[in-house]
Number of protein chains: 2
Amino acid sequence: MFWARGYAGASIAELTEVMGINSPSLYAAFGSKEELFKEAVALYVATDDSCTLQMLEGDLTTRDSIAAMLAVNARSCLLPDRPSGCFLMIGATNGGPETDAAQQYLCDKRKDMAARIRARLERGVADGELPAGLNLDRIAAYFATVIKGMSIEARDGADAETLAAVARSAMFGWDAITSTQG
Amino acid sequence: MFWARGYAGASIAELTEVMGINSPSLYAAFGSKEELFKEAVALYVATDDSCTLQMLEGDLTTRDSIAAMLAVNARSCLLPDRPSGCFLMIGATNGGPETDAAQQYLCDKRKDMAARIRARLERGVADGELPAGLNLDRIAAYFATVIKGMSIEARDGADAETLAAVARSAMFGWDAITSTQG
DNA sequence: ACCTTTATTTAGTGATCGTCACAGAAAAGA
DNA sequence: TCTTTTCTGTGACGATCACTAAATAAAGGT
């Protein structure tokens with residue numbers, strides 16, 4: 001529900017109906033809507049989202065691991081029986097001050113993602129695959145931007161082939177991006 | 001208000017307070033919250049957003065016009081006294097069924113943007129700058145994805161230099177993207 | 001079988017949502 | 001000046017929001 005409607009758009013009444021419980025049970029188990037949301041996000045990060053970032057952990061070259069991450073993200077934006085796009089990108093964007101905590105929580109998760117991309121780039125520098133002196137923050141920001149954009153693109157109705165092509169296109173500039181010019 | 005909080009997050013009470021009127025005046029002038037939102041979006045498209053797509057209309061080469069569009073978009077995501085990011089990307093993403101019309105309206109505007117990028121690419125083919133046989137839809141989807149991602153990146157706190165670097169990075173693969181391989 | 005503890009249901013809290021009927025004020029035409 | 005028209009402010013509509021106190025049912029221990 002949070003994934004499809006967002007934090008503010010998913011009401012307690014809808015949540016309890018889907019969960020098959022009454023609201024007092026929900027509050028006894030989770031404490032508040034905000035806590036329930038955070039647990040849902042944590043579950044998402046531990047399951048669906050882990051596949052994408054897991055591509056950064058293997059024995060692939062730096063370039064191939066980034067490419068694989070983009071490709072996996074493109075696919076996971078259009079899984080059957082799930083809302084389009086990544087939960088972390090679209091789970092809480094709109095809303096008044098009462099949604100600030102949820103928005104900040106997702107923002108932190110997105111920054112974790114960028115940090116892990118940056119860590120993979122650092123490993124590439126340490127392995128000698130990438131030259132020293134690169135501005136790794138900016139390179140990581142570029143790939144994070146593409147990933148974020150793909151979620152909106154998926155919500156707008158892009159098909160799997162288009163998203164896969166976007167992932168490939170984002171890699172075409174790899175050699176120039178990873179040259180020492182920033 | 002819609003830009004900062006989104007369609008569902010901006011209440012009539014907040015809107016009327018900012019506008020300095022009472023709700024009956026708002027309904028007499030615009031008819032409904034949805035109509036007011038559409039007028040606000042139309043105003044945004046005609047003013048702030050026009051600067052970005054205007055880069056596609058000049059005498060620049062296809063490559064330079066796309067690069068200029070990305071650069072202008074990067075700057076307009078972080079204007080002072082305005083919410084971060086593009087209104088079309090973040091104005092209505094969350095919410096229940098009653099926000100579907102607003103979401104669809106913004107989605108159509110985003111597709112207009114992609115269509116204009118595609119039209120610029122077509123002009124490039126007609127001018128002989130780009131080879132024939134390219135899958136222009138996918139190329140346009142790539143640049144649209146980068147633009148969409150930059151808005152989330154801006155909301156997440158990226159500074160102007162980072163966004164400008166992202167815009168440059170997105171252009172590094174231009175030659176490969178515009179080769180006849182799709 | 002009895003008591004204690006846990007879980008679920010019913011019902012309702014005040015607040016806020018988008019929207020509008022109605023009354024009173026201001027402006028315009030004669 | 002009087003009437004007609006347009007506009008603005010007051011107040012309230014039913015619905016829904018997140019959240020919870022009190023009552024009822026179930027489960028576990030002895």
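So you know, we letter chains A, B, ... as the sequences are listed, proteins then strands, and number each from 1.
Enclosure of atom CD in A:Glu98 by more than 12 non-hydrogen atoms of other residues, nucleotides or ligands within 6.0 angstrom is indicated.
Residues B:Gly124 and B:Thr62 approach most closely at CA-OG1, 3.2 Å, considering heavy atoms. Among all heavy-atom pairs drawn from B:Met113 and B:Ile147, the shortest one is SD-CG2, 4.0 Å. Taking both residues in full, the closest heavy atoms of A:Lys148 and A:Met89 are given as CG-SD, 3.6 Å, listed atom of the first, atom of the second, then distance.
At a non-hydrogen distance threshold of 4.0 Å, B:Ser23, B:Pro24, B:Tyr27 from residues 19-28 of chain B come into contact with DNA chain C.
With a heavy-atom cut-off of 4.0 Å to chain A, the contacted part of DNA chain C has its first and last nucleotide at C:dT8 to C:dT10.
Put simply, CD on A:Glu34 is 9 Å from P on D:dC19, counting in whole angstrom units. The distance from atom CZ of A:Phe37 to atom P of D:dA18 is 13 Å, rounded to the nearest whole Å. Atom OH in A:Tyr7 sits about 13 Å away from atom P in D:dC17, given to the nearest Å.
Scanning for side chain to side chain contact (heavy atoms under 4.5 Å, CB included) contacts around B:Cys107 gives A:Asp156, B:Gln104, B:Arg110, B:Lys111, with sequence neighbours left out.
Residue pairs that meet the ring-ring contact (aromatic ring centres under 6.0 Å, His included) test with at least one member in residues 103-153 of chain B, sequence neighbours left out, are B:Phe143-B:Trp174.
Residues A:Thr162 and A:Asp159 bring a donor and an acceptor atom of their side chains to less than 3.5 Å of each other. With no hydrogens or angles considered, no side-chain donor-acceptor pair links A:Ser169 and B:Arg138 at under 3.5 Å.
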Donor-acceptor contacts under 3.5 Å from residues 38-45 of chain B side chains, at least two apart:
{"residue": "B:Tyr44", "atom": "OH", "partner": "B:Phe87", "partner atom": "N", "Å": "3.4"}

For nucleotides 25-28 of chain D, tabulate all protein N/O to nucleotide N/O atom pairs closer than 3.5 Å, reporting atom names and distance.
none

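Salt bridge status for A:Lys109 with A:Asp49: absent, with no side-chain N to carboxylate O gap under 4.0 Å. Ion pairing between A:Arg116 and A:Glu57 holds under the 4.0 Å rule for side-chain N and carboxylate O.
A:Ser11 has a side-chain polar atom (N or O) that falls below the 4.0 Å cut-off from OP1 or OP2 of D:dC17.
Counting non-hydrogen atoms under 4.0 angstrom, B:Ala10 reaches the backbone sugars and phosphates but no base.
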